[in-house]
Amino acid sequence: MTEPSKKQRKPDPCSFVIFGVSGDLTHRLIIPALYNLAASDLLPDKFCVVGVARKGTTGDELRQSLLKGLRQFATRPVNDEIARHLLECVTSIEADPKQPPSFDAMRARLEKLEASRGIGGNRLFYLATPPTAFAPIARELARAGMLGEEGGAWRRLVIEKPFGTDLASAKALNGELLKLVNEHQIYRIDHYLGKETVQNILVLRFANGMFEPIWNRDHIDHMQITVDETIGVVGHRGSFYDATGALRDMVPNHLFQLLSLVAMEPPAKFDAHAVRSAKAEVLAAIQTQSEDEALRNSVRGQYQLGKVGETEIPDYRSTNDVRPDSTTETYVALKLTIDNWRWAGVPFYLRTGKALGIKRTEVAIKFKQAPFAMFRDTPVDRLSQNYLIIAIEPTEGITLQFNTKVPGPTVKIDGVEMKFRYKDYFKAEPTTGYETLIYDCMIGDNILFQRADSVEAGWQAVQPFLDAWSKAGAKGLQTYRAGSEGPSGADDLIARDGRTWRKLA
Ligand code: BG6
């Protein structure tokens, strides 16, 4: 009899312990994702959700609050029976890292609960908390003996970006966690890897015979990675964002995930070690720039009053909890190069920003221009560009742009597009984007999670930009109108190399 594949099997029995259970991440994403897994029969048969809640929160109150969140954020109609079954296993526990005995009490309660449900000792600790709490919670869990895997049970720690705020703090956090647990026990989530189209980059590149032979500096002119958002900085995000900025918020994590997938070497195996090693290697090969080079190869901008569609967006500096003289960038464009045999000489242009005219996430691979000589004596005056576009949001799909002859007696050439859209081929239920990630944490597959060396390689590549900008202060910070395509300097950055950004559709 053949073994069921890893991806079809139900995870082992386990406790799913959530720190920060009263927060937004739990209500908006984790519980709706657990619900979707339950609806697909992909939760363990023996399972419990333990919410580490504020002092005095009863199990009933917690269940009520999670049910309310589920009704609000579920991605499909909620079936009462499935929701009841899921929430019935929710327990509320108190634990505060400032009060170490509370972790000893937590361990005792957890063991009792696991014994009563026949769960065994597998535990997943999901730290849905601000990042400053990661190390203190992990320290207490370890001290109270909840992270050791000695008895054969697995113990996993799930954390979500940001992993540090620069190279030094990322190293410190990794160092701290790795004193308490082994690397294989840490699941660092970058939610971009939960997106189907992002996962599909590997398949597109390595499950098709035609791309890999031309996926290199002989055939590719450059790549553009764009993550444009229409939303400005809103809600309670002002102080976080003002201390963070577009570069830290998006580049070493989300944009570098895209970059590493399109630029990595083919891994020998589709497994976590091989894939994560290939990703870490390519990130480590990003050329470290001097601060002068970093200034020359970057543009940062901040949005000012404007309109996105019909919505008026105020000046970034007038956002709640943002300093009125803030020099934090809400837009960044960078030029990077990767110093290896595959990519030497091929620029990677990255851009991302808030309050832009159109929401769009894509990787555009620009192939080298065909020689024009053959058409010199024809009416053709130019060839349009050959792009392969991996569209991630809002349309999920792949587009190939190529030249074709316009029907008629004379030689006329025009650029056309061949488009594949996910939704035309596959009928997938809408998801939160966390289902695969959470399921993989439970089955112990780290392939979609960031390893410490990748995180550090990402920070290493952006550190010169952070340093150079912090010294430059307001000097060099450009402005752009909300609803526009970003600061004009971004066009100059790429035009300097005789290239242009792909226009917003
Ligand atoms: C988050 C950033 O990690 O990603 C946000 O902190 C950003 O600022 C978000 O808006 C973008 O994610 P998505 O999935 O909407 O592209």
Side-chain angles (χ1 to χ4, degrees), residues 20 23-26 28-30 32-33 73 75 127-132 134 158-166 170 188-201 225-259 261 300-303 308 311 313 316 319-322 326 328-332 350-363 390-397 422 430-438 448-450 454-455 458-459 462 482 486 504:
D24 192 50
L25 178 61
T26 306
R28 212 160 37 85
L29 294 161
I30 301 176
F73 298 113
T75 57
L127 275 45
T129 62
T132 46
F134 294 165
V158 184
I159 56 177
E160 190 151 345
K161 78 150 256 276
F163 311 119
T165 54
D166 58 12
R188 296 181 192 80
I189 292 192
D190 180 313
H191 80 274
Y192 263 51
L193 287 175
K195 296 179 194 279
E196 281 292 340
T197 6
V198 175
Q199 293 171 25
N200 187 43
I201 296 175
I225 301 181
T226 303
V227 181
D228 285 351
E229 298 186 88
T230 45
I231 189 164
V233 177
V234 289
H236 303 297
R237 294 199 93 209
S239 61
F240 159 77
Y241 196 86
D242 208 38
T244 305
L247 179 69
R248 285 188 169 93
D249 189 36
M250 300 294 289
V251 177
N253 30 67
H254 304 328
L255 275 81
F256 278 8
Q257 286 304 325
L258 300 175
L259 182 141
L261 289 167
R300 57 194 166 117
Q302 193 183 71
Y303 67 79
V308 175
T311 314
I313 307 237
Y316 169 70
T319 309
N320 275 347
D321 301 325
V322 164
S326 168
T328 298
E329 79 288 354
T330 58
Y331 179 99
V332 55
L350 277 57
R351 56 178 169 165
T352 181
K354 300 257 183 221
L356 296 167
I358 284 185
K359 179 167 172 63
R360 179 176 63 164
T361 301
E362 67 169 39
V363 180
I390 302 171
I392 291 152
E393 269 181 305
T395 320
E396 300 185 306
Y422 260 80
T431 66
T432 62
Y434 274 64
E435 290 75 4
T436 308
L437 297 172
I438 290 178
L448 294 178
F449 301 87
Q450 280 188 277
S454 267
V455 171
W459 282 113
V462 300
L504 295 179

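Because the structure is predicted, anything quoted here is derived from the model rather than measured. Remember, it's 1-based here, ligands and their atoms both numbered in the order they're listed.
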Hey, can you pull the donor-acceptor pairs under 3.5 Å for the side chains in residues 239-248, sequence neighbours left out?
{"from": "Tyr241", "atom 1": "OH", "to": "Ala246", "atom 2": "N", "distance (Å)": "3.3"}
{"from": "Asp242", "atom 1": "OD1", "to": "Tyr316", "atom 2": "OH", "distance (Å)": "2.5"}
{"from": "Asp242", "atom 1": "OD1", "to": "Ser326", "atom 2": "OG", "distance (Å)": "2.6"}
{"from": "Asp242", "atom 1": "OD1", "to": "Thr328", "atom 2": "OG1", "distance (Å)": "3.1"}
{"from": "Asp242", "atom 1": "OD2", "to": "Arg323", "atom 2": "N", "distance (Å)": "3.2"}
{"from": "Asp242", "atom 1": "OD2", "to": "Arg323", "atom 2": "NE", "distance (Å)": "2.7"}
{"from": "Asp242", "atom 1": "OD2", "to": "Arg323", "atom 2": "NH2", "distance (Å)": "3.2"}
{"from": "Thr244", "atom 1": "OG1", "to": "Phe240", "atom 2": "O", "distance (Å)": "2.6"}
{"from": "Arg248", "atom 1": "NE", "to": "Thr165", "atom 2": "O", "distance (Å)": "2.5"}

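Here the rule is side chain to side chain contact (heavy atoms under 4.5 Å, CB included) with Ile313, and of Thr319, Val308, Ile231 only Val308 fits it.
With sequence neighbours left out, the side-chain hydrogen bond (donor to acceptor under 3.5 Å, both in side chains) criterion links Gln302 to Arg317. Applying the ring pair (Phe, Tyr, Trp, His ring centres under 6.0 Å) rule to Tyr192 yields the partners His254; only residues at least two apart in sequence or on another chain are considered.
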Just list the N/O pairs, ligand 1 to protein, that are under 3.5 Å apart, with the distance for each.
{"from": "ligand 1", "atom 1": "3 (O)", "to": "Lys161", "atom 2": "NZ", "distance (Å)": "2.7"}
{"from": "ligand 1", "atom 1": "3 (O)", "to": "His254", "atom 2": "NE2", "distance (Å)": "2.7"}
{"from": "ligand 1", "atom 1": "4 (O)", "to": "His254", "atom 2": "NE2", "distance (Å)": "3.3"}
{"from": "ligand 1", "atom 1": "6 (O)", "to": "Lys161", "atom 2": "NZ", "distance (Å)": "3.1"}
{"from": "ligand 1", "atom 1": "6 (O)", "to": "Arg237", "atom 2": "NH2", "distance (Å)": "2.8"}
{"from": "ligand 1", "atom 1": "6 (O)", "to": "Asp249", "atom 2": "OD1", "distance (Å)": "2.6"}
{"from": "ligand 1", "atom 1": "6 (O)", "to": "Asp249", "atom 2": "OD2", "distance (Å)": "3.3"}
{"from": "ligand 1", "atom 1": "8 (O)", "to": "Arg237", "atom 2": "NH1", "distance (Å)": "2.8"}
{"from": "ligand 1", "atom 1": "8 (O)", "to": "Asp249", "atom 2": "OD2", "distance (Å)": "2.6"}
{"from": "ligand 1", "atom 1": "8 (O)", "to": "Lys354", "atom 2": "NZ", "distance (Å)": "2.7"}
{"from": "ligand 1", "atom 1": "10 (O)", "to": "Glu229", "atom 2": "OE1", "distance (Å)": "2.6"}
{"from": "ligand 1", "atom 1": "10 (O)", "to": "Glu229", "atom 2": "OE2", "distance (Å)": "3.3"}
{"from": "ligand 1", "atom 1": "10 (O)", "to": "Lys354", "atom 2": "NZ", "distance (Å)": "3.0"}
{"from": "ligand 1", "atom 1": "12 (O)", "to": "His191", "atom 2": "NE2", "distance (Å)": "3.1"}
{"from": "ligand 1", "atom 1": "14 (O)", "to": "His191", "atom 2": "NE2", "distance (Å)": "2.8"}
{"from": "ligand 1", "atom 1": "14 (O)", "to": "Lys195", "atom 2": "NZ", "distance (Å)": "2.6"}
{"from": "ligand 1", "atom 1": "16 (O)", "to": "Tyr192", "atom 2": "OH", "distance (Å)": "2.6"}
{"from": "ligand 1", "atom 1": "16 (O)", "to": "Glu393", "atom 2": "OE1", "distance (Å)": "3.4"}

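Salt bridge present: Lys161 and Asp249 bring a charged side-chain N and a carboxylate O closer than 4.0 Å.
The CG atom of Asp228 lies 6.5 Å from the OG1 atom of Thr352; values are rounded to the nearest 0.5 Å.
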